[in-house]
Amino acid sequence: MRIATWNVNSLRVRLPHVIDWLQENPVDVLALQEIKQQDPDFPHQALQAIGYHAVCSGQKTYNGVALLSRHAINDVETGLPEHDDPQRRLIAATIAGIRIVNVYIPNGEKPESDKFHYKLDWLERLRNYLQAALQVYSRLVIVGDFNIAPDSRDIHDPEAWTNKILCTVQEREALTAITDCGLSDSFRLCTQEAGFYSWWDYRAAAFRRDRGLRIDLILCSSALKASCQSCIIDKTPRGWERPSDHAPVIADFSLTNNETPHEIS
DNA sequence: ATGGTCGTCTCACGA
C-alpha cells in the first residue's frame with residue numbers, strides 16, 4: 001500500500017504533472033494540497049481515465065485538498081469539527097482499511113502575524129481531532145503539507161532559519177504534541193540522515209542550490225509503524241518545466257495478502 | 001538588508 005502526498009500549487013496548472021507522475025508512480029493513494037480550484041472544476045474524468053477515484057474539498061484561488069485513490073474511498077469527512085472556517089484544509093477518508101487524513105496546515109506567514117496564531121490554533125484543533133480519531137481508527141495515516149520542519153536535519157541552513165516561520169519552537173511543539181498522540185514520522189522511521197527536502201522556494205534558484213526544507217510529512221499510527229517499508233521524497237517533478245514548489249513524498253506500508261485491496265476496474 | 005518567483009477573476013496578496 002503506497003501512499004503519497006504532494007502540494008501541487010494549483011491543480012489546474014499541474015494536472016499534466018500529476019498525471020505523468022502517477023503513470024510513472026502508480027501509488028494506491030495520492031493526497032493533494034493547494035489545488036486552488038472549486039469542486040465543480042475538479043478533473044474527475046482525466047483522473048478516472050488513469051484509474052483514480054477522487055474526493056475533494058476545494059475553494060477558489062486558495063487552499064483546497066483532495067484524495068486520489070485506486071481503491072474505494074469511504075466515510076469521507078472534510079474540515080475540522082466545530083470549526084467554522086471557509087479555508088479548505090482537511091479531507092479524510094477510509095481507504096483499504098486505513099484512515100487517511102490529508103491536511104494543508106496553515107503557513108503562518110511570520111511569528112508576529114495573526115496568521116501565526118491561526119496556524120497554532122489550527123494545530124491545536126488538529127491534535128484534538130487526531131486524538132479522537134485514533135480511538136476509532138487504529139490504522140491511521142496523516143499526510144500533507146505541514147508547513148513545519150521537524151528539526152535541524154530538515155533545513156538546508158538551520159542557523160539562517162532559526163525562529164523563522166516553519167521552524168519556530170512553537171510550531172515544533174505543536175507538531176510534537178501531535179506525534180505524542182502516537183504518530184510517527186515515516187521518513188524518520190527509515191533514515192536519520194540530514195539533507196532531504198520536500199520544498200524549495202521558487203526564488204533565488206533554491207532548488208538548483210538544494211536550499212530546501214522538509215515540511216511535507218507522512219505520519220503513521222503505532223499499528224502501522226512496523227509495516228512501513230520505505231518513505232522517500234521524489235525530487236524528479238520539482239525539476240520539470242513549470243513545477244510545483246513541492247516534491248511528492250511516498251510511503252510504502254506492507255499489508256498482508258488478505259488486507260491487500262483490489263484495484264478498481 | 002532586500003529581493004528574488006510563482007499562482008491567483010493579476011498592479012495585490014499569499015506562499
Side-chain angles (χ1 to χ4, degrees), chain A residues 5-21 31-43 46 56-66 79 83 85-91 102-123 126 143-150 154-168 170-172 174-175 197-217 233-249:
Chain A
T5 178
W6 194 3
N7 178 325
V8 289
N9 187 18
S10 168
L11 184 56
R12 186 185 67 78
V13 172
R14 233 66 70 187
L15 182 62
H17 282 197
V18 170
I19 289 171
D20 288 352
W21 187 82
L32 301 177
Q33 304 86 36
E34 281 203 274
I35 64 173
K36 296 185 174 179
Q37 67 184 173
Q38 298 174 104
D39 293 349
D41 301 324
F42 193 88
C56 55
S57 179
Q59 67 182 93
K60 197 196 282 189
T61 311
Y62 302 115
N63 311 311
V65 286
H83 193 212
D85 187 357
Q87 300 190 31
R88 301 294 186 231
R89 298 182 175 277
L90 183 147
I91 189 164
N102 174 22
V103 290
Y104 174 47
I105 290 177
N107 172 283
E109 193 191 13
K110 55 190 179 198
E112 310 77 48
S113 70
D114 290 345
K115 294 195 186 84
F116 188 69
H117 296 289
Y118 170 73
K119 179 179 197 172
L120 295 179
D121 177 64
W122 208 93
L123 284 160
L126 179 63
V143 309
D145 178 357
F146 279 68
N147 270 316
I148 302 171
D154 307 310
I155 307 170
H156 67 88
D157 185 347
E159 249 176 70
W161 280 83
T162 303
N163 297 326
K164 296 283 192 289
I165 197 66
L166 318 182
C167 304
T168 66
Q170 295 102 305
E171 291 164 281
R172 285 183 177 159
L175 179 60
Y197 313 124
S198 65
W199 168 81
W200 301 259
D201 199 301
Y202 282 124
R203 296 167 287 187
F207 182 64
R208 184 178 57 72
R209 299 154 74 192
D210 201 22
R211 297 171 67 83
L213 301 181
R214 190 175 68 89
I215 57 176
D216 298 272
L217 309 178
I233 300 166
D234 183 6
K235 287 170 69 170
T236 313
R238 186 62 179 79
W240 290 346
E241 198 178 328
R242 210 179 176 193
S244 166
D245 45 353
H246 295 251
V249 183

Would you check if there is a donor-acceptor pair between the side chains of A:Asn9 and A:Lys36 at a distance under 3.5 Å? yes
Distance, rounded to the nearest Å, where A:Phe116 contributes CZ and B:dG14 contributes C1': 17 Å
Starting from P on B:dT2, measure out to NZ on A:Lys164 and report it in whole angstrom. 11 Å
Can A:Asp145 and A:Trp199 be counted as having a side-chain donor-acceptor contact under 3.5 angstrom? no
Is a side-chain donor or acceptor of A:Arg209 paired with a backbone partner of A:Ala204 at a separation under 3.5 angstrom? yes
Round to a whole Å and report the spacing from NZ of A:Lys110 to C1' of B:dG14. 12 Å
To the nearest angstrom, how far is A:Asp114 atom CG from B:dA15 atom C1'? 17 Å
Pick base, sugar-phosphate or nothing for A:Tyr104, based on heavy-atom distances below 4.0 Å to the nucleic acid. sugar-phosphate
Identified side chain to side chain contact (heavy atoms under 4.5 Å, CB included) counterpart of A:Ile148 within the set A:Leu175, A:Asp154, A:Thr168: A:Leu175
Aromatic contact, A:Trp21 with A:Trp240 (centres under 6.0 Å): no
Nearest-angstrom distance from the residue atom CZ of A:Arg89 to P of B:dG14: 12 Å
May I ask you to check whether A:Asn63 and A:Arg89 show a side-chain donor-acceptor distance below 3.5 Å? yes
Take atom P in B:dT2 and the same atom in B:dC6, then report the distance between them in whole Å. 23 Å
Inter-nucleotide P distance (B:dT10, B:dA1), Å rounded: 34 Å
Can you measure A:Trp200 atom CH2 to B:dG4 atom C1' for me and round it to whole angstrom units? 19 Å
Could you write out each protein N or O paired with an N or O of nucleotides 5-8 of chain B at a distance under 3.5 Å?
unit_1 : atom_1 : unit_2   : atom_2 : d
B:dG7  : OP1    : A:Arg14  : NH1    : 3.0
B:dG7  : OP1    : A:Arg14  : NH2    : 3.3
B:dG7  : OP1    : A:Arg242 : NE     : 3.4
B:dG7  : OP2    : A:Arg242 : NE     : 3.4
B:dG7  : OP2    : A:Arg242 : NH2    : 3.4
B:dG7  : O3'    : A:Ser10  : OG     : 3.4
B:dT8  : OP1    : A:Ser10  : OG     : 2.2
B:dT8  : OP2    : A:Arg12  : NH2    : 2.7

For B:dC9 versus B:dG3, give the span between their P atoms, rounded off to a whole number of Å. 26 Å
Heavy atoms only: give me the nearest A:Ile233-A:Ser198 pair and the separation to one decimal. CG2-CA, 4.1 Å
Let me know the distance between CZ of A:Arg211 and C1' of B:dG3, rounded to the nearest Å. 14 Å
When rounded to whole Å, the NZ to P distance for the pair A:Lys119 and B:dG14 reads 15 Å
